[in-house]
Protein chains: 2
Amino acid sequence: MRSDARRNYERILAAASAEVAVTGADASLEKIARDAGVGSATLHRHFPTRQALLEAVFHDRVEVLCAQAAELSLADWLRAVAEYGATTRGLAASLLAPPAPSGCETMLSDAGGALLRRAQQAGEIRADVAIIDLLTLVNAVSLATQDGPEAIRLTTLALNGIRP
Amino acid sequence: MRSDARRNYERILAAASAEVAVTGADASLEKIARDAGVGSATLHRHFPTRQALLEAVFHDRVEVLCAQAAELSLADWLRAVAEYGATTRGLAASLLAPPAPSGCETMLSDAGGALLRRAQQAGEIRADVAIIDLLTLVNAVSLATQDGPEAIRLTTLALNGIRP
DNA sequence: CACTAACCGGAGTGGCACCCCGTTTGTCAA
DNA sequence: TTGACAAACGGGGTGCCACTCCGGTTAGTG
């Protein structure tokens, strides 16, 4: 990778982070390119799809989230995912959109999968749920409660059920 | 309302129903107008916002759903809502987007609210949930599982909780 | 039948995603 | 240091979109 290419890549990523934080997952790619000081063609060359750009934007933070799986209970970790998803514009939407074969979704599945397996072996969690079910549920809640303080409450509700 | 205005209104609604069923909540309004044989200005005059058009498209079906609240248990009714939301392109997205003051959301709240109150008085449901929580949850699941067969399973999971 | 308010729709504006291709630039070997 | 070439760039083009303006048309009324 040539030095100017790497420089532009970083600039685009920085501009995208800022813009996505304000506008969400459907931010204008043109504006991101403009803010980054590159032509729109350059943006499209580095990130062939909008999804690819979003994955890059969220990658680091998702990694942190995955690392926390080692220190939290399953329920607490899911709540952490919900909170981050709800407060980070565009993340939930980008996670739900496509089953990207090797992206943030996979990282979360791996981290949460281990956590879930342990909890199931300890008999704390029913055996008929998969990690993908829980992540889908949590992301759905994050998406629905975007910017609201309800994400954690609703996640907890979904994990506990509606019976007394 | 003049007769030609009413006629165009109906045509637009029909075209919109067809298009939204295929494309989803972000269908092209231009194409809808074209299919309906009217100018785009006419569409915008009758439906000032995209949301207004979607509300009109889904209104009848949501009414049916509300009527079913009289014959079903709360859980079954929520599953019906989930199923309809997941199989009807664009509905879940349009219900979650804005807290429209007097639209489909309100109809569902009213119908479900009565159902919930009864269930809570019977002690079947915890007292600290509101109907809006449950609808948000169900719509979130519908949105996340768009076109998938998982909507009902995940809804049931969320209602029952994750413990054995 | 004439008149007017309601209604219509084509054309215009500004924005967007995405791509083509002539031009520039980094790199490396001579 | 210099030359050559692949790699990367970006302006400009295309086609689509939402939304609005305004001159022309039509339905209904007396």
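To find a chain, count down the sequence lines: A is the first, B the second, and so on, and within it residues start at 1.
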Any A:S40 side-chain nitrogen or oxygen under 4.0 Å from OP1 or OP2 of D:dG10: no

Contact nearer the 5' end of DNA chain C, comparing A:D26 with B:G37: B:G37

Any B:R34 side-chain N or O less than 4.0 Å from OP1/OP2 of D:dC16: no

Atom-pair distance (CG on A:D4; P on C:dT25), nearest Å: 10 Å

Rounded distance in Å - CG (A:L43) to P (C:dC16): 13 Å

Of A:T145, A:L134, A:L137, A:V138, the residue whose pairing with A:T155 passes side-chain contact (heavy atoms from CB on, under 4.5 Å): A:V138

Residue A:R126 excluded, over 12 heavy atoms near CZ under 6.0 Å: yes

Spacing of B:E30 atom CD relative to D:dA18 atom P, expressed in whole Å: 6 Å

Nucleotide nearest B:A41 (side chain, heavy atoms from C-beta), chosen from D:dG10, D:dC21, D:dC9: D:dC21

Length of the CZ-P vector between A:R11 and D:dC9, whole Å: 11 Å

Rounded distance in Å - CZ (A:R6) to C1' (D:dA7): 15 Å

Distance below 4.0 Å between B:R2 side-chain N/O and D:dT26 OP1 or OP2: no

Phosphate contact (D:dC9 OP1 or OP2) by A:N8 side-chain N/O below 4.0 Å: yes

Closest-nucleotide 5' rank along DNA chain D - winner of A:M1 and B:A27: A:M1

Nearest-Å distance for atom pair CZ/C1', residues A:R7 and C:dT25: 10 Å

Phosphate OP1/OP2 of C:dC16 contacted by A:S28 side-chain N/O (<4.0 Å): yes

Under-4.0 Å side-chain N/O to phosphate OP1/OP2 contact, B:R45 with C:dC8: yes

Below 4.0 Å: OP1/OP2 of D:dC9 and any side-chain N or O of A:H46: yes

Identified side-chain hydrogen bond (donor to acceptor under 3.5 Å, both in side chains) partner of A:D4 from the options A:R6, A:R7, A:R2: A:R2

Atom-to-atom span, CG of B:L29 to P of D:dT20 - whole angstrom: 12 Å

Residue A:E83 excluded, over 12 heavy atoms near CD under 6.0 Å: no

Distance-only donor-acceptor check, side chains A:E55 and A:Q51, under 3.5 Å: yes

Distance, rounded to the nearest Å, where A:E10 contributes CD and D:dC9 contributes C1': 17 Å

OP1 or OP2 of D:dG10 under 4.0 Å from side-chain N/O of A:T42: yes

Comparing B:S3 and B:H44 on DNA chain D - which has the more 5′ nearest nucleotide: B:H44

